[in-house]
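Worksheet: one structure, shown below.
This is a predicted model, so every value here is computed, not measured. Numbering of ligands and ligand atoms starts at 1, following listing order.
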Amino acid sequence: MPNSVSIFTKVKRYILCRHKFSLPTYCATTSNIHIARPIDIQFLFYPAVCLLLLFSSITNTYADQQAQSAKILEGEKIINRSCIYCHQEDAIGKPGVAPSLTNKEFLSIASDEFITSTIRDGRVGTGMPPFKHLGKDKINSILAYLRSKAVLPSRAKKIEKQEKSKGNKRKGKQLFNQIWSGCHGENGNGYSAGGTGTAIGKAGFLKHASDGFIRTTIKEGRSNTRMRSFQGSAGLANLSNQEIEDIIAYLRTVPSK
Ligand code: HEC
């Protein structure tokens with residue numbers, strides 16, 4: 001009996017048969033071998049959703065990357081237009097003129113807030129002018145450009161959470177005068193006091209710099225700049241942790257305009 005059915009009828013029955021088989025199966029009702037319906041919509045549903053999600057995450061990531069690249073490019077243009085004169089090509093800085101902004105230790109320990117607020121407010125009484133007129137977006141583009149130059153992972157969040165210094169300011173003053181005033185100028189007044197280092201005694205720096213930031217800078221220094229480390233045998237001086245705390249405590253008492 002099955003043999004008397006034409007192949008055409010078999011195909012028709014196969015297509016019309018509503019029975020759902022997942023594997024080639026003999027159907028007693030229609031006397032046909034049913035091959036699993038080639039593509040059942042329910043089997044397609046989950047892979048289709050997964051593919052859709054994957055596709056949308058790929059396109060979103062791509063769009064984010066494009067937006068980030070555009071920001072970095074804008075930041076680079078602003079730096080080349082507004083900052084290069086003092087901070088030099090690639091913002092590598094020049095002693096006595098302006099510090100490096102692309103230095104690897106600086107980028108690794110400086111928080112976004114430290115960098116953007118310094119750009120926004122400038123530093124009163126130093127050569128660093130305020131750039132508030134650029135607005136938040138453009139300042140963030142500068143930040144994106146600087147961050148794109150980072151070679152070390154950022155440690156800023158941890159450093160910002162470090163505890164405040166409990167040093168002795170009197171001892172700190174002695175140390176500061178012995179070791180640092182030669183570079184950062186008397187009272188930490190920086191370039192304007194003939195120093196090759198920045199004005200770390202002025203409010204413009206101190207109000208944005210956390211104790212953790214100052215502590216880490218003293219301990220580690222900044223490679224390829226005159227700011228060397230002040231701890232360890234390779235340091236300019238091998239200060240103890242307590243001495244570093246004393247210096248920070250002293251610095252907090254000097255802010256001058
Ligand atoms: C006229 C010179 C000049 C220009 C222009 C200038 N800066 Fe500065 N910048 C300085 C000086 C000088 C300092 C250090 C001030 C001090 O002694 O504390 C400084 C410090 C900084 C710091 C803090 C760095 C640190 O190590 O603490 C940042 C960030 C900075 N500048 C960003 C910028 C950006 C971004 C631009 C351009 C939009 C810019 N500066 C333009 C002179 C300049």
Legend entry - Identity of the nearest option to atom 24 (C) of ligand 1, non-hydrogen atoms only, from Gly125, Pro99, Ala110: Pro99

Inset, instruction - Would you kindly specify which portion of Arg120 sits under 4.0 Å from ligand 1, judged on non-hydrogen atoms: side chain, backbone, both or neither? - result: neither

Inset, instruction - Please identify which atoms of ligand 1 are closer than 4.0 Å to at least one heavy atom of Phe131. - result: 36 (C), 37 (C), 38 (C), 39 (C), 41 (C)

Inset, instruction - For Tyr191, take its heavy atoms, then give the atoms of ligand 1 lying under 4.0 Å from any of them. - result: 12 (C)

Inset, instruction - Compare Ala98, Ala91, Cys86 and give the one whose heavy atom is closest to atom 3 (C) of ligand 1. - result: Cys86

Inset, instruction - Considering the heavy atoms of Thr118, write down every atom of ligand 1 situated less than 4.0 Å from one of them. - result: 22 (C), 23 (C), 28 (C)

Legend entry - Degrees at atom 8 (Fe) of ligand 1 between the NE2 atom of His87 and the SD atom of Met128, nearest 10°: 180°

Inset, instruction - Consider ligand 1: state whether an atom of it lies below 4.0 angstrom from any non-hydrogen atom of Lys202. - result: no

Inset, instruction - Can you see which heavy atom on Phe106 is nearest to which on Leu101, and at what distance? - result: CD2-O, 3.6 Å

Inset, instruction - Looking only at non-hydrogen atoms, find the nearest pair between Ala98 and Cys86 and report the distance. - result: CB-O, 3.4 Å

Inset, instruction - Just let me know how Pro129 lines up against ligand 1, side chain, backbone, both or neither, with a heavy-atom cut-off below 4.0 Å. - result: side chain

Legend entry - ligand 1 contact on Tyr145 by region, counting heavy-atom pairs under 4.0 Å: neither

Inset, instruction - Answer side chain, backbone, both or neither: which part of Thr198 comes under 4.0 Å from ligand 1, heavy atoms only. - result: both

Legend entry - Under-4.0 Å heavy-atom contact with ligand 1, by part of Ile78 that carries it: neither

Legend entry - Inter-residue atom distance His208.NE2 - Arg120.CZ, 0.5 Å rounding: 6.0 Å

Inset, instruction - For the pair Arg81 (side chain) and Glu76 (backbone), establish whether a donor and an acceptor sit closer than 3.5 Å, ignoring hydrogens and angles. - result: no

